[in-house]
Amino acid sequence: EKNNKPDIRYMDFRIFGLYRDKSGNIWVATDKHGAICFKKGDIKSEPISHVLNGISVSSIFQDSEGGMWFSTLTEGIYYLPTGSFLTYTTEEGLSSNNVNTLALTERGIVIGTNDEYINYPLNGKIVNTRVSKTKNDRIQVLFKDHAEQLWVGTNEYLYNVKRNGSIQKYFNSKYNLLMDGGGNDKSRNIFSIKTIANSIDGGIWIGESNCFSNFANEKVVYNSHLI
């Protein structure tokens with residue numbers, strides 16, 4: 001930014017997301033143009049890396065060892081540990097090649113596919129865990145909170161995957177997010193979770209299609225629909 005005017009770089013294709021790696025470089029996840037990396041976020045300079053051109057990259061993540069993970073909408077997962085890619089698809093056990101989201105937990109990388117499953121790479125293969133029992137549920141967001149808990153946001157529900165492997169489901173009612181079984185599940189309002197972030201009070205913020213909520217201590221303490 002110079003003279004209070006932002007730097008602008010025009011790209012004639014859709015952008016799905018941005019990611020800042022540990023070196024301060026900015027990666028751009030694009031539609032059908034792969035992943036593009038700008039050194040230190042300098043978008044006026046030529047990219048220092050452009051990988052997976054021709055592929056739609058939905059998200060980018062760097063693990064604790066510095067390896068780069070790229071989820072795609074049609075080709076599964078690509079992992080770049082050094083100079084060459086490793087690829088995970090349904091042939092290696094991925095539940096779907098349509099991958100929406102990634103997260104890093106104490107178990108390693110977690111892959112959220114466009115179905116009911118989360119996937120864990122293990123010894124060159126993929127282990128699947130079914131999070132949702134709802135046929136049309138689709139995993140859209142994975143998020144690790146302050147307490148190292150894994151939250152899963154879908155187009156219908158919110159899930160908490162605990163360290164012991166148990167899974168807690170929450171559904172959306174008019175005034176609260178209730179635990180599964182805590183209300184009339186048939187009358188609940190489904191929601192489409194787009195993003196999750198930590199709250200300074202120890203809870204989480206949930207961004208939905210048309211509102212956002214603060215969820216703490218098993219209940220919603222704020223909802224933008226109810227202002």
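Just the heavy atoms: all of them, side chains too, but no hydrogens, waters or symmetry mates, feed the values below.
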Count I, L, V, M, F, W, Y as connected when their side-chain heavy atoms are under 4.5 Å apart, and connections chain through other members. Are [X] and [Y] then in the same cluster?
{"X": "Leu18", "Y": "Ile43", "value": "yes"}
{"X": "Leu73", "Y": "Ile109", "value": "no"}
{"X": "Phe16", "Y": "Val57", "value": "no"}
{"X": "Val131", "Y": "Tyr117", "value": "no"}
{"X": "Phe85", "Y": "Met68", "value": "yes"}

So do the side chains of [X] and [Y] get within less than 4.5 Å of each other, counting heavy atoms only?
{"X": "Ser209", "Y": "Lys194", "answer": "yes"}
{"X": "Ile118", "Y": "Leu150", "answer": "yes"}
{"X": "Phe61", "Y": "Leu104", "answer": "yes"}
{"X": "Tyr78", "Y": "Tyr88", "answer": "no"}
{"X": "Cys37", "Y": "His50", "answer": "no"}
{"X": "Arg138", "Y": "Thr154", "answer": "no"}
{"X": "Phe143", "Y": "Asn198", "answer": "yes"}

With distance as the sole test, does [X] use its side chain to make a donor-acceptor pair with the main-chain N or O of [Y] at under 3.5 Å?
{"X": "Lys40", "Y": "Ser23", "value": "yes"}
{"X": "Ser224", "Y": "Phe212", "value": "yes"}
{"X": "Thr195", "Y": "Gly207", "value": "no"}
{"X": "Asn100", "Y": "Ile139", "value": "yes"}
{"X": "Asn214", "Y": "Tyr222", "value": "no"}

**Request:** Given side chain to side chain donor-acceptor pair (under 3.5 Å), test Ser192 with Gln140 step by step and report yes or no.
**Result:** CA-CA 8 Å; Ser192 182; Gln140 299 185 144; 3.3 Å; yes
Any side-chain donor-acceptor pair under 3.5 Å between [X] and [Y]?
{"X": "Thr72", "Y": "Ser56", "answer": "no"}
{"X": "Asp137", "Y": "Thr134", "answer": "no"}
{"X": "Thr105", "Y": "Glu148", "answer": "no"}
{"X": "Thr74", "Y": "Asn98", "answer": "no"}

**Request:** May I ask you to check whether Phe70 and Trp27 place their ring centres under 6.0 Å from each other?
**Result:** yes
**Message:** Centroid separation under 6.0 Å, is that true for the rings of Tyr170 and Phe215?
**Reply:**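 Ring centroids of Phe215 and Tyr170 are less than 6.0 Å from each other.
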**Prompt:** Does NZ or CZ of Lys169 lie under 6.0 Å from the centre of the six-membered ring of Tyr159, at an angle within 45° of the ring axis?
**Reply:**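 Relative to the ring axis of Tyr159, which defines the angle, Lys169 lies outside at least one limit.
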**Residue of the set Asp115, Thr113, Asn119 for which side chain to side chain donor-acceptor pair (under 3.5 Å) holds with Asn128** = Asn119
**Asked** Hey, mind stepping through Ile126 and Ile77 against side chain to side chain contact (heavy atoms under 4.5 Å, CB included) and telling me if it holds?
**Response** CA-CA 11 Å; Ile126 300 291; Ile77 289 285; over 6 Å; no
State the [atom1]-[atom2] distance between [X] and [Y], to the nearest 0.5 angstrom.
{"X": "Thr30", "Y": "Ile55", "atom1": "OG1", "atom2": "CD1", "value": "10.0 Å"}
{"X": "Leu158", "Y": "Ser213", "atom1": "CG", "atom2": "OG", "value": "10.0 Å"}
{"X": "Thr129", "Y": "Arg107", "atom1": "OG1", "atom2": "CZ", "value": "6.0 Å"}
{"X": "Ser71", "Y": "Ile60", "atom1": "OG", "atom2": "CD1", "value": "8.0 Å"}
{"X": "Asn25", "Y": "Gln62", "atom1": "CG", "atom2": "CD", "value": "9.0 Å"}
{"X": "Leu142", "Y": "Thr101", "atom1": "CG", "atom2": "OG1", "value": "4.5 Å"}

**Prompt:** Using 4.0 Å as the upper bound for N to carboxylate O, is an ion pair formed by Glu106 and Lys144?
**Reply:**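 Result for this pair is no, no salt bridge flagged.
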**Message:** Closer than 4.0 angstrom, basic N to acidic O: yes or no for Glu116 and Arg130?
**Reply:** yes
**Asked** Taking only residues at least two apart or on different chains, which pairs with a member in residues 17-34 satisfy salt bridge (charged side-chain N to carboxylate O under 4.0 Å, His left out)?
**Response**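 Every pair satisfying salt bridge (charged side-chain N to carboxylate O under 4.0 Å, His left out) with a residue in residues 17-34: Arg14-Asp31.
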**Aromatic plane relationship, His33 with Phe13 - under 30° parallel, 30 to 60° tilted, over 60° perpendicular** = parallel
**Message:** Go through it in stages, so that I can follow the logic: the residues are Phe38 and Val28, the test is side chain to side chain contact (heavy atoms under 4.5 Å, CB included), and I'd like the CA-CA distance, side-chain angles, deciding distance and then a yes or no.
**Reply:** CA-CA 8 Å; Phe38 295 95; Val28 183; 4.0 Å; yes
**Stepwise side chain to side chain contact (heavy atoms under 4.5 Å, CB included) test for Ile111 and Tyr120** = CA-CA 6 Å; Ile111 304 164; Tyr120 301 90; over 6 Å; no
**Request:** Look at atom CG of Asn217 and say whether more than 12 heavy atoms of other residues, nucleotides or ligands are closer to it than 6.0 Å.
**Result:** no
**Message:** Looking at every heavy atom in both Asp201 and Ala216, which two are closest together, and how far apart are they?
**Reply:** OD2-CB, 4.4 Å
**Message:** The test is side chain to side chain contact (heavy atoms under 4.5 Å, CB included); show your working for Val152 and Val141 and say whether it passes.
**Reply:** CA-CA 6 Å; Val152 181; Val141 182; over 6 Å; no
**Request:** List in chain and number order the residues that pass side-chain hydrogen bond (donor to acceptor under 3.5 Å, both in side chains) with Tyr79, two or more places apart in sequence or in another chain; answer none if no residue qualifies.
**Result:**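 If we apply the side-chain hydrogen bond (donor to acceptor under 3.5 Å, both in side chains) test to Tyr79, skipping adjacent residues, the hits are Asp63.
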